[in-house]
Asker: 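One structure follows; several queries about it will come next.
Every number for a ligand or one of its atoms is a count from 1 in the order of the listing. Every value quoted in this text rests on a predicted model; they were computed, and no experiment measured them. For the single chain, residues carry numbers from 1 onward in sequence order.
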Amino acid sequence: MGNFLQVDLKEKTAVVTGATRGIGQTIAEAFAANGAKVACLGTNAERLQQTVDAINQNGGEAVAYICNVAKSDEVEKNAGKILARFGKVDILVNNAGITRDMLLRRLKDEDWDDVIAVNLRGTFLTTRAFCESMRKTKQGRIINISSVSGLQGNPGQANYCASKAGVIAFTRTAALELANRNITVNAVAPGFIETDMTAVLNDVVKQVAKDKTPLGRFGQTEDVANAVLFLASDKASFITGQVLPVDGGLTV
Ligand code: NAI
């Protein structure tokens, strides 16, 4: 398990989508390391179980829920199960995301639709499903994983950029709608982070990304998880509707 920021998340229940690998898996580990109970959502049953087993073997408490966040019925069904088991949800991290990169003149309808469905619709569906519990307890933290691609254009990612910019606009509006129940909603915008998602990029693209990053290196999943831990903590109680880039200075 990583070397994480220490915050007090005892008695908290956190939901993390896309927790089977990469950034989501590290966020789930970071929450568990700080005492939260973690509901891990993902579509790959085997990898999801591995994430949960690793957390439980390290003294944490995690439960697996197979759930495609783009599907309204699956989100509602799993939200019901999670609330029945844990009684409440205090923290929601909308991390599940996909890319289908292609120059827009060759971009297929389904590659546009799939990316919007997982990245943007998924964020909406889970937020709608879990915010009612937070409204009842008059506290909550929602953290949406956007991207630097939601803050600036990136050739070959019209679908992804639109979805991640949409996540930022959604974050701001949800923050306004939920503020009167003491629920904060923020976004984290990672730059180039070393995960399976970025491992598939060719060496030229990777070098360009590194060259554009003032700190001259790629981020690790722990860099994103630590920002999420802070936003999920009591220390961030006066921050809402904001976007925190974790990008080595890429968007400066
Ligand atoms: P990844 O591809 O390693 O992991 C994505 C996770 O989302 C996996 O667990 C996958 O199973 C899950 N997922 C995909 N579709 C799903 C669905 N329909 N329902 C539920 N779960 C689903 O990607 P990575 O790098 O860990 O990315 C995590 C988030 O961070 C994504 O939202 C991504 O867009 C964002 N991000 C990543 C960056 C990077 O450089 N790796 C940079 C900026 C943002």
Side-chain angles (χ1 to χ4, degrees), residues 2 15-30 38-52 54 64-75 77-79 92-101 110-111 113-126 129 143-152 154 157 159-168 170-171 187-201 205-206 208-210 212-213 217-225 227-228 243-248 250-251:
V15 173
V16 181
T17 71
T20 62
R21 65 181 202 186
I23 293 170
Q25 181 177 13
T26 305
I27 291 169
E29 290 171 359
V38 193
C40 296
L41 274 57
T43 49
N44 184 316
E46 198 181 326
R47 282 208 312 260
L48 190 60
Q49 199 55 47
Q50 285 166 6
T51 300
V52 163
Y65 296 90
I66 298 166
C67 178
N68 179 346
V69 296
K71 304 262 187 216
S72 187
D73 53 343
E74 289 190 30
V75 171
K77 194 176 72 189
N78 281 289
L92 167 65
V93 180
N94 284 307
N95 164 81
I98 58 169
T99 51
R100 296 277 188 273
D101 295 353
E110 59 263 36
D111 288 338
D113 291 344
D114 287 352
V115 168
I116 300 291
V118 177
N119 300 5
L120 185 54
R121 179 180 155 87
T123 298
F124 155 62
L125 291 177
T126 50
I143 298 140
N144 299 324
I145 308 301
S146 177
S147 168
V148 291
S149 295
L151 293 166
Q152 50 186 207
N154 197 19
Q157 288 200 312
N159 49 357
Y160 186 75
C161 292
S163 74
K164 293 299 189 178
V167 165
I168 290 172
F170 177 80
T171 298
V188 172
F192 194 103
I193 309 296
E194 269 181 6
T195 66
D196 293 336
M197 180 183 270
T198 46
V200 295
L201 300 174
V205 174
K206 285 184 191 168
V208 169
K210 205 178 268 190
K212 281 200 296 193
T213 303
R217 62 177 176 85
F218 302 142
Q220 301 301 314
T221 57
E222 286 80 4
D223 294 314
V224 181
V228 171
V243 185
L244 175 58
V246 179
D247 67 355
L250 184 68
T251 48

Asker: Using a plain distance cutoff, I'd like to know if Val118 has any nitrogen or oxygen under 3.5 Å from a nitrogen or oxygen of ligand 1.
Answerer: no
Asker: Counting both backbone and side chain atoms, is some N or O of Ile98 under 3.5 Å from an N or O of ligand 1?
Answerer: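 No, there is no polar N/O contact under 3.5 Å.
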Asker: What are the atoms of ligand 1, with element, lying closer than 4.0 Å to any heavy atom of Gly22?
Answerer: 26 (O)
Asker: Taking Val93 as the fixed residue, which of Ile27, Thr17, Val188 is the one that meets the side-chain contact (heavy atoms from CB on, under 4.5 Å) rule?
Answerer: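 Only one of Ile27, Thr17, Val188 forms a side-chain contact (heavy atoms from CB on, under 4.5 Å) with Val93, namely Ile27.
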Asker: Considering the heavy atoms of Phe192, write down every atom of ligand 1 situated less than 4.0 Å from one of them.
Answerer: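 With Phe192 as reference, the close atoms of ligand 1 come out as 40 (O).
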Asker: Give yes or no for whether the N/O distance cutoff of 3.5 Å, strictly under, is met between Tyr160 and ligand 1.
Answerer: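 By distance alone, the answer is yes.
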Asker: For Ile193 and ligand 1, does the shortest N/O to N/O distance drop below 3.5 Å?
Answerer: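 Yes, at least one N or O pair falls under 3.5 Å.
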Asker: With a 3.5 Å cut-off and no angle check, do the side chains of Thr123 and Asn144 form a donor-acceptor pair?
Answerer: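 No.
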Asker: Would you say Val148 and ligand 1 have an N/O pair spaced under 3.5 Å apart?
Answerer: no
Asker: Checking the N or O distance criterion of under 3.5 Å, is ligand 1 in contact with Thr20?
Answerer: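 Between Thr20 and ligand 1 (N or O atoms, distance only) the closest approach is under 3.5 Å.
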Asker: Check Thr195 against ligand 1 and report side chain, backbone, both or neither, counting heavy atoms closer than 4.0 Å.
Answerer: side chain
Asker: Counting neighbours of CD on Glu46 that are heavy atoms of other residues, nucleotides or ligands and sit closer than 6.0 Å, is the number greater than 12?
Answerer: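 No - once you tally the heavy atoms of other residues, nucleotides and ligands closer than 6.0 Å, there are 12 at most.
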Asker: Keeping Asp247 on the side-chain end and Ala189 on the backbone end, is there a donor-acceptor pair under 3.5 Å?
Answerer: no
Asker: Can an N or O of Arg21 be found at a distance shorter than 3.5 Å from an N or O of ligand 1?
Answerer: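 Yes.
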Asker: Taking Ile98's backbone N and O only, do any of them form a donor-acceptor pair with Asn119's side chain (distance below 3.5 Å, no angle check)?
Answerer: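 Pair found, side chain donor or acceptor close to backbone of Ile98.
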Asker: Does an N or O anywhere in Pro190 fall below 3.5 Å from an N or O of ligand 1?
Answerer: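 In fact, backbone or side chain, Pro190 has no N or O that close.
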Asker: Pick one of side chain, backbone, both or neither for how Lys164 approaches ligand 1, counting any non-hydrogen atom pair under 4.0 Å.
Answerer: side chain
